[in-house]
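Working notes for the structure below.
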Amino acid sequence: MPDTSKQISAPNKLTDTFGRKISYVRLSVTDRCDLRCTYCMAEEMTFLPKADVLTLEELHLLSEAFMDRGVRRIRLTGGEPLVRKGIMWLIERLGEDVAHGRLDEVTLTTNGTQLPHMAHDLYRAGVRRVNVSLDTLDPVLFRSITRRDRLDQVLEGIRAAKEAGLEVKINTVALKGLNDLEIPTLVSWCIDEKLDLTLIETMPLGEVEEHREDRYLPLTALLPSLTEKFRLTPSAHKTGGPARYYRMGETGNRLGLITPLTGNFCDGCNRVRVTCTGRIYMCLGQDNHVDLRTALRSNDPDSALDTALGTAMIEKPKGHDFEMADGQMRGTVGRHMSQTGG
Ligand code: SAM
Ligand code: SF4
């Protein structure tokens, strides 16, 4: 349990009771998506009614409230952020915030399907980096993981992003019995394409059709063979996130490993997540949250947000409780990643 007796040192800045400064927000702009990745969503999802979702103007006001309180980086996510109608309006506003020095960076995590027609607009709006999720280069496996036949579209999106001048990092969820044998191929492809790659262990977020344990692949088990094959050397690179990084021998590209189940690295956590309904989750792996939408829609949003964010900082937990024990995944939370924002 967090120690709620401690005072927050600077009421307007976001510092939690463990002294961690929050400078990074992952803002989910929609829970909807054009893919249905088996580890992320059920095939038949009930999406939120539109009325519950913050408007684009509200999302921008909330972003500015975070900037006023010391946040320097915003990552838009979802669901699939690029399927939200009118999303370029928000990205352009955040790009202006970057241009005016209010924000260091606006970035996105995307499945890439919309990049063929949006990459240039993103660059023009001030985005410089995107994370694209890609779990396989095999069209048949892509279809079975995402339940949609869109690999070509995603690869075209990655090409379009590079052409537009965006730095692309690939995110791959390691899935036992699905893409495990293909991971070296993905690493080689990223080396050829001069892309950084982050491998992620599957986490127990929300009910899906499969047993999470059946797909769990501990990345620590892959590391020795990857180190030998790709001459990995540990890198000191840090983002305040859970990844540990390695340099890849030939090109020096980065390989990141996110290992929430084999190693908990929450000590330096600098982030919070906000859903598209305006709930702030202080930890991906915990259920406690604070409603910011009511504060945002109140008569005095600034002071209401101060109070709500103050509560959020007091309640930010030390870390998640994900772990594998006796062949069972523990620390499960009920929300899907697509609801919290990945
Ligand atoms: N639709 C976008 C995408 O796929 O990049 C953004 C949202 S998605 C929820 C963000 C990231 O979360 C993706 O890289 C996805 O692979 C990852 N993800 C989703 N469910 C996960 C789970 N249960 N465990 C680990 N990663 C997960
Ligand atoms: Fe959609 Fe991203 Fe979830 Fe896949 S991981 S279903 S692309 S939100």
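The basis for the numbers below is simple: all heavy atoms, side chains too, and nothing from hydrogens, waters or symmetry mates. The residues of the chain are indexed from 1 along the displayed sequence.
Tested against Leu108, the residues Val132, Ile74, Val130, Leu115 include a single side-chain contact (heavy atoms from CB on, under 4.5 Å) partner, Val130.
The backbone N or O of Glu193 lies less than 3.5 Å from a partner atom in the side chain of Lys162, making a donor-acceptor pair. Between the side chain of His289 and the main chain of Asp287, a donor-acceptor pair closer than 3.5 Å is present. With hydrogens and angles ignored, the 3.5 Å screen pairs no side-chain donor or acceptor of Glu182 with any backbone N or O of Thr136. Put simply, the side chain of Asn270 never gets that close to the backbone of Ser23: no donor and acceptor are under 3.5 Å apart. In terms of modelled atom types and a separation under 3.5 Å, the side chain of Gln286 and the main chain of Gly319 share a donor-acceptor contact.
Side-chain contact between Arg75 and Val106 is absent, with no heavy-atom pair separated by less than 4.5 Å. Phe142 places a side-chain heavy atom less than 4.5 Å from the side chain of Val154. Within the 4.5 Å cutoff, side-chain heavy atoms of Ser63 are placed close to those of Leu27. Annotation: side chain of Thr172 is in contact with side chain of Ile170 (closest heavy-atom distance under 4.5 Å). When side chains are defined from C-beta on, Leu255 does not count as touching Phe230, because their heavy atoms never get closer than 4.5 Å. No side-chain heavy atom of Ile91 sits under 4.5 Å from any side-chain heavy atom of Asp121. Here the side chains of Lys85 and Thr30 are not in contact, with every heavy-atom distance at 4.5 Å or above. Counting heavy atoms from C-beta on, the side chains of Met248 and Leu232 come closer than 4.5 Å.
No side-chain N or O of Ser298 forms a donor-acceptor pair with one of Asp300 less than 3.5 Å apart. Looking only at atom types and distance, the side chain of Arg147 has no donor-acceptor partner in the side chain of Thr38 under 3.5 Å away. Side-chain N/O atoms of Thr259 and Glu201 include no donor and acceptor closer than 3.5 Å. Side-chain polar atoms of Thr17 and Lys316 form no donor-acceptor pair below 3.5 angstrom. For the residue pair Asp306 / Ser303, no side-chain donor-acceptor distance below 3.5 Å is found, with atom types taken as modelled. There is a side-chain donor-acceptor pair under 3.5 Å between Thr110 and Glu80.
Under the 30°/60° scheme for interplanar angles, the aromatic rings of His60 and Trp89 are found to stand perpendicular.
Of the charged side-chain nitrogens involved, none lies within less than 4.0 Å of a carboxylate oxygen, so that Asp291 and Arg279 do not count as a salt-bridged pair. By the 4.0 Å N-to-carboxylate-O rule, Asp180 lies too far from Lys176 to be salt-bridged with it. Remark: Glu64 engages Arg102 in a salt bridge, criterion side-chain N to carboxylate O under 4.0 Å. In summary, Arg93 and Glu58 do not engage in a salt bridge, as defined by a charged side-chain N under 4.0 Å from a carboxylate O. In summary, Asp104 and Arg72 engage in a salt bridge, as defined by a charged side-chain N under 4.0 Å from a carboxylate O.
Looking at every heavy atom in both residues, Cys33 comes nearest to Met41 through CB-CE, 3.4 Å. The nearest pair of heavy atoms linking Asp302 to Arg69 is O-NH2, 3.1 Å. Summarising the geometry of Leu35 relative to Arg148, their closest heavy-atom pair is CD2-CB, 3.7 Å, with the distance given to 0.1 Å. A pairwise comparison of heavy atoms in Leu178 and Ser144 identifies CD2-OG, 4.5 Å as the closest pair. Of all the heavy atoms in Arg20 and Cys269, the pair that sits closest is CB-O, 3.5 Å. Shown here for Val29 and Arg84, the closest heavy-atom pair between the two residues is O-NH1, 2.9 Å.
Because its NZ or CZ atom is both nearer than 6.0 Å to the ring centre of Tyr24 and within 45° of the ring axis, Arg73 counts as a cation-pi partner of that residue.
Sorted by first and then second residue, the pairs that involve residues 125-140 and meet salt bridge (charged side-chain N to carboxylate O under 4.0 Å, His left out), not counting sequence neighbours, are Glu105-Arg129.
Between atom CZ of residue Arg273 and atom OH of residue Tyr281 there is a gap of 12.0 Å, rounded to the nearest 0.5 Å. Rounding to the nearest 0.5 angstrom, the gap separating the OH atom in Tyr39 from the OG1 atom in Thr146 is 9.0 Å. Interatomic distance, CG of Asp52 versus OG1 of Thr275, reported as 10.0 Å (0.5 Å rounding). Atoms CG and NZ, on Asn131 and Lys169 in that order, are 4.0 Å from each other to the nearest 0.5 Å. Leu257 CG to Leu199 CG: the interatomic distance, rounded to the nearest 0.5 Å, is 5.5 Å. To the nearest 0.5 Å, the span separating CG on Leu48 from SG on Cys276 amounts to 5.0 Å.
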Apply side chain to side chain contact (heavy atoms under 4.5 Å, CB included) to Thr107 and Val127, showing your working.
-> CA-CA 6 Å; Thr107 53; Val127 177; 5.5 Å; no

Show your working on side chain to side chain contact (heavy atoms under 4.5 Å, CB included) between Tyr246 and Leu223 and close with a plain yes or no.
-> CA-CA 10 Å; Tyr246 299 82; Leu223 192 56; 3.4 Å; yes

Apply side chain to side chain contact (heavy atoms under 4.5 Å, CB included) to Val173 and Asn171, showing your working.
-> CA-CA 7 Å; Val173 179; Asn171 280 346; over 6 Å; no

Going through the checks in order, is the side chain to side chain contact (heavy atoms under 4.5 Å, CB included) test met by Leu197 and Leu195?
-> CA-CA 6 Å; Leu197 168 68; Leu195 301 171; over 6 Å; no

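Linking ILVMFWY side-chain heavy atoms closer than 4.5 Å, directly or via other members, places Val53 and Leu76 in two distinct hydrophobic clusters. Both Leu134 and Ile191 are assigned to one and the same hydrophobic cluster, defined by single-linkage of ILVMFWY side chains at heavy-atom distances under 4.5 Å. Linking Ile, Leu, Val, Met, Phe, Trp and Tyr whenever their side-chain heavy atoms come within less than 4.5 Å puts Tyr123 and Ile87 in one cluster. Tyr216 and Leu141 end up in the same hydrophobic cluster when Ile, Leu, Val, Met, Phe, Trp and Tyr side chains are linked at under 4.5 Å. Note: the hydrophobic cluster containing Leu61 also contains Leu309 (ILVMFWY, side chain heavy atoms under 4.5 Å, direct or indirect links).
With sequence neighbours excluded, the residues that form a salt bridge (charged side-chain N to carboxylate O under 4.0 Å, His left out) with Asp34 are Arg150.
Environment of CD in Glu43: crowded, with over 12 heavy atoms of neighbouring residues, nucleotides or ligands closer than 6.0 Å.
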